[in-house]
Amino acid sequence: MAIKIQWKDGITPEMVRLLKDCAPARLSMIAGRAIVNKLRAHFQKLEDTRPNKQGFPRTHFWSQARRGVGQPEQRGDAAAVTVRQVGIAQRRYGGTIKPKKPDGWLTIPLRAEAYGHRAREFHNLVFSMDPELGPVLKEAEATQVRWKKSKKLRTAGELAEGKGREVRQGKSLGGAVMYLLRRRVTQAADPSVVPTDEEMRAAAAEHVTAWLMRKGAAHGGPAVGEMGA
Amino acid sequence: MEARIRKLLQGETDFATMRLRAKEELQALGYRPEAGDEGTIKDLSSNQRIKLQHETNVEMAQGYGYWAEGQNPDVLDEWPCSELYRAEDRKEKRNWQERWVRAGGKLFAGRMIARKDDQVWEKISAFGTPYPPFDFGSGMDVRDVDRAEAERLGVIPKGAVVTPQSRDFNQGLDLTEGARPEGRGADLRSAAGGAG
């Protein structure tokens, strides 16, 4: 984000030197850090206020986004900041998501234990066509097996052959729908997941101005300035 | 694991995909946890073990990056202090304020703030590093405190200069006996159920 600085009056020779000689890189470093901090604070606010809608255990997505705010990279007299977090651009700009493979499915978790997990982490999921939900992955139905000690007296030889226990049928398990399967999902853009451009400009301007004012004051200031983007 | 961590840091994958890959790799190695350890932190393939291991590594690299950039003299001039705060909620929370004070940290309006060159950062860390994470799964993080606020709260006197710190990411790291390459091979073979 390039920041244009305009000075009204009260400028000192040191300020002129700062702005002319070394300022672009140094100022973009300050502006970049201000934007990094603004983004981190914004993601922290989302972490504090936006748990997942289904009430599933949190994966701390917004906290991961906060930590994923990269350090400013110098690009001429501007600084670029990248948020390295899968899914953040999708939330900000929206759009249609399709599986990587043309015949693949997107998996949408329906239960807390599926949330934050890939379907392939489960070894007991089967494809099913649910009359209401359409294609889904559900737990394979299974019957619990219980072993019970036989009451009948057995010889040591019989016990060694495994005849000392009886197999009983236990509870029926499975059948829970874990994931919805979809060929595509379209999400609406949510600009509120990042601060507005104006908020980021204001944060950069505030800190660059404070820094320049201090430098100016230290070298014959005070200087009065204003910034724009 | 290094490749997975790098992908996470670059934002090229997410934790769920990374966990799946880690499990697949362990499966390919023929890894089986010790009897009784299944699903616990001792089980290399358990969700909690993979999560802890990868999250700590990723957070450490991210914490270092934010800290190192904050040592730039101009950045330090504008943001000379940091605040330790709770970034993520936890069911069971450690008493960080007590740990902070015990390490020589001071409270300013109830907040844990210190100069960036203060020794308190290393003292509160279970890893001896001046940047987060300061302990496993703590949910704590740091944020910059700018000069105006730091001076207003009395953390630093007006015009105080904070000294930039220099530190390599791997500084202070040493392999324990069992983790050295010669020992690690045996451990991996043993973890893989005697294969190789």
Side-chain angles (χ1 to χ4, degrees), chain A residues 22-23 25-34 36-37 40-41 43-44 47-48 51 57-73 82-89 107 109 113-123 206-212 214-215 217-218, chain B residues 6-24 27 45 47 50-51 55 58-70 72-79 85-91 132-133 137 139-149 151 158-159:
Chain A
C22 59
R26 295 174 73 183
L27 291 182
S28 65
M29 182 62 85
I30 300 283
R33 183 73 173 193
V36 164
N37 284 337
R40 285 172 61 100
F43 291 138
Q44 183 62 57
E47 169 71 20
D48 296 339
R58 300 191 68 172
T59 58
H60 299 291
F61 176 87
W62 298 113
S63 207
Q64 288 170 28
R66 183 191 73 252
R67 290 194 301 267
V69 177
Q71 302 313 309
E73 292 165 37
T82 308
V83 182
R84 294 188 174 89
Q85 166 75 356
V86 172
I88 196 79
T107 52
E113 54 267 48
Y115 186 68
H117 290 267
R118 292 275 167 261
R120 277 163 58 197
E121 287 183 71
F122 299 89
H123 300 292
E206 179 195 339
H207 289 285
V208 170
T209 304
W211 185 77
L212 275 173
R214 227 173 18 255
K215 295 291 164 197
Chain B
R6 196 175 300 121
K7 280 190 169 184
L8 279 168
L9 286 169
Q10 293 300 323
E12 292 168 6
T13 191
D14 56 20
F15 274 98
T17 309
M18 173 280 304
R19 187 175 49 236
L20 174 65
R21 298 277 173 271
K23 285 181 177 180
E24 286 172 345
Q27 203 173 10
S45 62
N47 287 340
I50 294 173
K51 181 174 157 42
E55 274 187 1
V58 168
E59 286 175 26
M60 207 158 256
Q62 290 167 331
Y64 176 78
Y66 185 62
W67 173 85
E69 200 69 27
N72 173 287
D74 291 331
V75 172
L76 264 186
D77 187 37
E78 180 58 12
W79 292 276
Y85 76 104
R86 175 154 296 285
E88 292 174 19
D89 197 17
R90 291 286 184 271
K91 279 181 191 164
M140 301 297 284
D141 203 353
V142 291
R143 56 185 160 211
D144 279 351
V145 177
D146 67 31
R147 180 171 291 275
E149 188 176 20
E151 288 179 354
K158 199 169 169 52

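So you know, we letter chains A, B, ... as the sequences are listed, proteins then strands, and number each from 1.
A:A34 touches chain B through backbone and side chain together, each having a heavy atom under 4.5 Å away. Of the two parts of A:V69, neither the backbone nor the side chain holds a non-hydrogen atom closer than 4.5 Å to a non-hydrogen atom of chain B. Both the backbone and the side chain of B:D14 come within contact range of chain A, judged by heavy atoms closer than 4.5 Å. Proximity to chain A (any heavy atom under 4.5 Å) is restricted, for B:D89, to the backbone atoms N, CA, C and O.
Salt bridge A:R118/B:E24: absent, no basic N to carboxylate O contact under 4.0 Å. Under 4.0 Å is where a charged nitrogen must lie from a carboxylate oxygen, and between A:E47 and A:R66 no such pair does.
In terms of heavy-atom pairs under 4.5 angstrom with chain A, the leader among B:D141, B:N72, B:N47 is B:D141. In terms of non-hydrogen atom pairs under 4.5 Å with chain A, the most contact-rich of B:R19, B:K23, B:E55 is B:R19. For the options B:P132, B:A87, B:G65, heavy-atom pairs under 4.5 Å to chain A are most numerous at B:A87. Contacts with chain B were tallied for A:G32, A:A41, A:G116, A:G87; A:G116 has the most, counting heavy-atom pairs under 4.5 Å. Among A:M29, A:Q44, A:Q85, the residue with the largest count of heavy-atom pairs under 4.5 Å with chain B is A:Q44. When each of A:V86, A:T82, A:V83 is checked for heavy-atom pairs under 4.5 Å with chain B, A:V86 comes out on top.
Using a 4.5 Å cut-off on side-chain heavy atoms (C-beta onward), B:F15 and B:I50 make no contact.
Side-chain atoms of B:R147 come within 3.5 Å of backbone N or O of B:D77 as a donor-acceptor pair. No donor-acceptor pair under 3.5 Å is formed between the side chain of B:E88 and the backbone N or O of B:G137.
For the pair A:I30 and B:W79, the tightest heavy-atom approach, listed with the atom from each and the gap, is O-CH2, 3.5 Å.
A:R33 meets the salt bridge (Lys or Arg N to Asp or Glu O under 4.0 Å) test with B:D144; sequence neighbours excluded.
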